[in-house]
Asks: 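To start, I am sharing the structure in question, which I have written as C-alpha cells.
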Amino acid sequence: MRTVRVGTPAESRPAERRVACVPDTVSALVDAGLTVHVQEGAGRHAHAPDAAYRAAGATVTPEDPTPESDVVVSVQPLTLDQAAKLKPGAVTISFLQSANERDLLEVYRDRRVTSFSFDLLPRVTRAQSADALSSQALVAGYRAVLVAAERLPRFLPMFTTAAGTVPPAKVLVLGAGVAGLQAIATARRLGAVVEAYDVRKAAGEEVRSLGAKFLELDLETQSGVYASVQSEEFLERQRELIGEHVAASDIVITTAAIPGRKAPVLVTTDMLKAMAPGSVLVDLAAESGGNYAGSVAGKETWVGEVLVHGALNLPSSMPVHASRLYARNVLNLLKLMIVDGVVQPNLDDEVLDGCCLTHDGQIRKELP
C-alpha cells in the first residue's frame with residue numbers, strides 16, 4: 001500500500017510568517033504512518049530550520065511539494081496556481097473564507113479536491129483541540145495590547161516617584177471571547193486598570209476572574225458560549241451606553257467578530273474624538289469591516305489626536321508560538337481522518353462535515 005504524503009508548502013500570501021507544520025507535529029504524523037514533505041525555508045520565520053524538519057523525519061524539498069502531495073496543509077488558502085496543480089482527490093487543510101475565495105473553491109470542485117477550512121470548524125467539544133480560530137485569537141489578543149502599549153505615549157502601570165505619582169492607564173476591551181480575555185490578562189499584567197464588555201452575561205465571571213471590571217449595561221444579554229448577530233437597534237443603544245467608557249479610556253481594544261459576517265460597529269468617530277489626546281484604538285476586527293467603521297486593516301490612521309490601528313493578521317507577527325499552536329490544530333484535525341495510516345475523511349463525522357467546503361466534485365457550503 002502506498003504511503004500517504006503530506007505536503008507543507010512555504011506560505012506565499014503577503015506578510016504570512018506562520019507555517020502549518022512544525023518538527024514536533026512532523027514526528028506525530030510520521031508515527032501515524034504518513035510521510036511528510038516540507039518546502040525548503042517553510043519554517044524560517046517560525047525559527048524551525050530545515051535541519052529540524054529532517055531530524056523529525058520529514059523530507060525537505062527545494063520545490064513546492066503541493067503537486068505530489070495527497071494532503072496539503074497550509075495557513076492561508078493555496079493560490080489558484082497551486083490549486084490547479086493539486087492531485088485529483090487531494091485533501092487540503094487551511095483557513096479559507098468561502099466568501100472571499102469563490103474562484104479557488106471552483107478549482108477545488110473541478111479537481112475533486114476535499115477541502116477543509118478552520119473558519120467553519122464546529123464549536124463542539126470534540127473539535128476544541130483543532131480550534132485554530134481560538135488558538136490564533138489567543139495570540140492576537142496578547143499582541144494587541146503590546147501594539148497599543150508601544151504606541152501609547154504614557155505608562156500603563158502606576159508609578160510612585162519622588163517627582164509624584166503617575167496613575168495607571170485605563171484600558172477598555174470590547175468583546176470577551178478568547179482574544180478579549182487574553183487582552184484583558186495581558187493589560188492587567190502590564191499594570192493597567194481594565195474594564196471589559198460583552199453581550200454574553202456569562203463572560204462577566206471570566207472577566208472578573210482576571211481582575212478586570214465587567215461593564216453591566218442596561219441591555220438584553222445573550223446566553224450561550226458564543227455571541228450571535230444583533231439588530232441595528234440593539235447596536236445603536238449599545239453604542240450610546242459604551243460611549244462614556246470609551247471616552248474615559250487611554251486604550252480601547254475591540255475584538256467583536258462573527259465568522260462569515262461583517263463585524264458589528266461598536267465605536268464611532270464622536271467617541272474617539274472624546275478620548276484624551278494620544279489615546280489608542282486597536283481594532284482586531286478590521287479585516288472583517290472593523291468595530292470602528294473607519295478602521296483599515298494593516299493601516300494606522302488618526303482621528304483627531306487618537307491613533308486607530310487596523311489590525312492585520314496579528315498572529316503572524318508572533319510566528320513561533322502561533323505556528324506551534326496552529327500546527328497542533330492541523331495535526332488534531334488530520335487525526336480525525338487517519339485510519340490505519342490512510343487519510344480517509346468520514347463526512348458522517350460532525351466535525352469534518354461542518355468544516356468541509358468541497359468534496360467529490362461539489363461545493364458543499366453555500367457561498368454568501
Side-chain angles (χ1 to χ4, degrees), residues 136-198 203-216 242-257 266-267 271-286 290-292 294-295 298-318 320-322:
Q136 302 307 291
L138 177 83
V139 182
Y142 171 82
R143 186 64 178 166
V145 176
L146 302 187
V147 167
E150 288 173 349
R151 287 155 178 76
L152 188 73
R154 53 179 68 96
F155 291 123
L156 263 69
M158 181 180 75
F159 288 102
T160 301
T161 74
T165 299
V166 178
K170 297 178 180 178
V171 175
L172 173 63
V173 178
L174 299 178
V178 175
L181 291 173
Q182 186 54 230
I184 292 166
T186 304
R188 289 284 296 138
R189 291 187 194 108
L190 292 176
V193 173
V194 184
E195 292 183 329
Y197 171 72
D198 195 284
E205 184 176 345
E206 295 177 300
V207 168
R208 296 185 191 97
S209 73
L210 295 172
K213 177 182 177 182
F214 184 70
L215 299 181
E216 302 274 4
I242 285 174
E244 63 182 274
H245 298 281
V246 171
S249 301
D250 301 299
I251 292 172
V252 176
I253 296 173
T254 62
T255 72
L266 306 179
V267 178
M271 292 182 200
L272 296 181
K273 289 182 177 179
M275 296 177 75
S279 298
V280 178
L281 166 69
V282 177
D283 190 347
L284 287 184
N291 295 141
Y292 168 60
S295 297
K299 302 288 185 181
E300 292 189 339
T301 55
W302 289 89
V303 178
E305 295 187 71
V306 174
L307 178 66
V308 176
H309 179 92
L312 176 63
N313 196 4
L314 281 189
S316 185
S317 67
M318 298 195 67
V320 172
H321 283 123

Asks: Contact between Tyr292 and Val303 at the side-chain level, heavy atoms closer than 4.5 Å - yes or no?
Replies: yes

Asks: Report the C-alpha separation of Glu300 and Arg151 in whole Å, then their side-chain angles, then the decisive distance to 0.1 Å, and conclude whether the salt bridge (Lys or Arg N to Asp or Glu O under 4.0 Å) test is met.
Replies: CA-CA 11 Å; Glu300 292 189 339; Arg151 287 155 178 76; 2.3 Å; yes

Asks: Could you check whether any side-chain N or O of Thr161 sits under 3.5 Å from a backbone N or O of Gly164, counting only pairs where one atom can act as donor and the other as acceptor?
Replies: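 Present.
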
Asks: Heavy-atom distance under 4.5 Å between the side chains of Glu205 and Phe214, does that happen here?
Replies: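 Side-chain contact under 4.5 Å: no.
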
Asks: Sequence neighbours excluded, which residues qualify as salt bridge (charged side-chain N to carboxylate O under 4.0 Å, His left out) partners of Arg154?
Replies: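 Applying salt bridge (charged side-chain N to carboxylate O under 4.0 Å, His left out) to Arg154 gives Asp250.
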
Asks: So do the side chains of Leu307 and Leu281 get within less than 4.5 Å of each other, counting heavy atoms only?
Replies: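 Answer no - side chains too far apart.
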
Asks: Between Gly278 and Pro153, which heavy-atom pair has the shortest distance, and what is it?
Replies: O-CD, 3.1 Å

Asks: Would you mind reporting whether Arg143 and Ser317 have side-chain heavy atoms less than 4.5 Å apart?
Replies: yes

Asks: How long is the straight-line distance from CD1 of Ile242 back to OH of Tyr197, given to the nearest 0.5 Å?
Replies: 6.0 Å

Asks: For a quick test of reading the model, state the closest non-hydrogen atom pair linking Thr301 to Gly294 and the distance between them.
Replies: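 Thr301 and Gly294 have their closest heavy atoms at OG1-O, 4.4 Å.
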
Asks: Tell me the closest heavy-atom pair linking Val207 and Ala176, and the distance in Å.
Replies: CG2-CB, 3.8 Å

Asks: Please name the pair of heavy atoms, one in Asp283 and one in Gly290, separated by the smallest distance, quoted to 0.1 Å.
Replies: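 Minimum heavy-atom separation between Asp283 and Gly290: OD2-CA, 3.3 Å.
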
Asks: Any donor and acceptor pair, going by atom type alone, linking the side chain of Ser279 with main-chain N or O of Met275 inside 3.5 Å?
Replies: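 Side chain of Ser279 to backbone of Met275, a donor-acceptor pair under 3.5 Å: no, none is there.
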
Asks: Taking all non-hydrogen atoms of both residues into account, name the closest pair between Val145 and Ala183 and its distance.
Replies: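 That closest heavy-atom pairing would be CG2-O, 3.3 Å.
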
Asks: Just how far is it from atom CG of Asn291 to atom CD1 of Ile253, taken to the nearest 0.5 Å?
Replies: 12.0 Å

Asks: Which value, rounded to the nearest 0.5 Å, describes the distance between Leu138 atom CG and Met318 atom CE?
Replies: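 Result: 9.5 Å between the selected atoms.
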
Asks: Between Asp198 and Gly177, which heavy-atom pair has the shortest distance, and what is it?
Replies: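 In terms of heavy atoms, the two residues are closest at OD2-N, 4.0 Å.
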
Asks: What distance separates Thr255 OG1 from Leu284 CG, expressed to the nearest 0.5 Å?
Replies: 6.5 Å

Asks: Using a 4.5 Å cut-off on heavy atoms from C-beta on, say whether the side chain of His245 contacts that of Leu215.
Replies: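 Answer yes - side chains close enough.
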
Asks: Is there side-chain contact between Leu312 and Leu314, with heavy atoms separated by less than 4.5 Å?
Replies: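 No - every pair of side-chain heavy atoms lies 4.5 Å or more apart.
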
Asks: Among pairs that include at least one residue of residues 160-179, which meet salt bridge (Lys or Arg N to Asp or Glu O under 4.0 Å), considering only residues two or more places apart or in two chains?
Replies: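 Pairs touching residues 160-179 that pass the test: none.
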
Asks: Are any of the side-chain heavy atoms of Ile251 and Val282 separated by less than 4.5 Å?
Replies: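 Not in contact.
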
Asks: Report the C-alpha distance between Met158 and Thr165 in whole Å, list the side-chain angles of each, state the deciding distance to 0.1 Å, and finish with yes or no for side chain to side chain contact (heavy atoms under 4.5 Å, CB included).
Replies: CA-CA 7 Å; Met158 181 180 75; Thr165 299; 4.1 Å; yes

Asks: How many angstroms lie between CD in Glu195 and CD1 in Ile184, if you round to the nearest 0.5 Å?
Replies: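 One finds 11.0 Å between CD of Glu195 and CD1 of Ile184.
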
Asks: Is there side-chain contact between Val306 and Val280, with heavy atoms separated by less than 4.5 Å?
Replies: no

Asks: Go through Val267 and Leu174 one step at a time and tell me if the side chain to side chain contact (heavy atoms under 4.5 Å, CB included) criterion holds.
Replies: CA-CA 10 Å; Val267 178; Leu174 299 178; 3.9 Å; yes

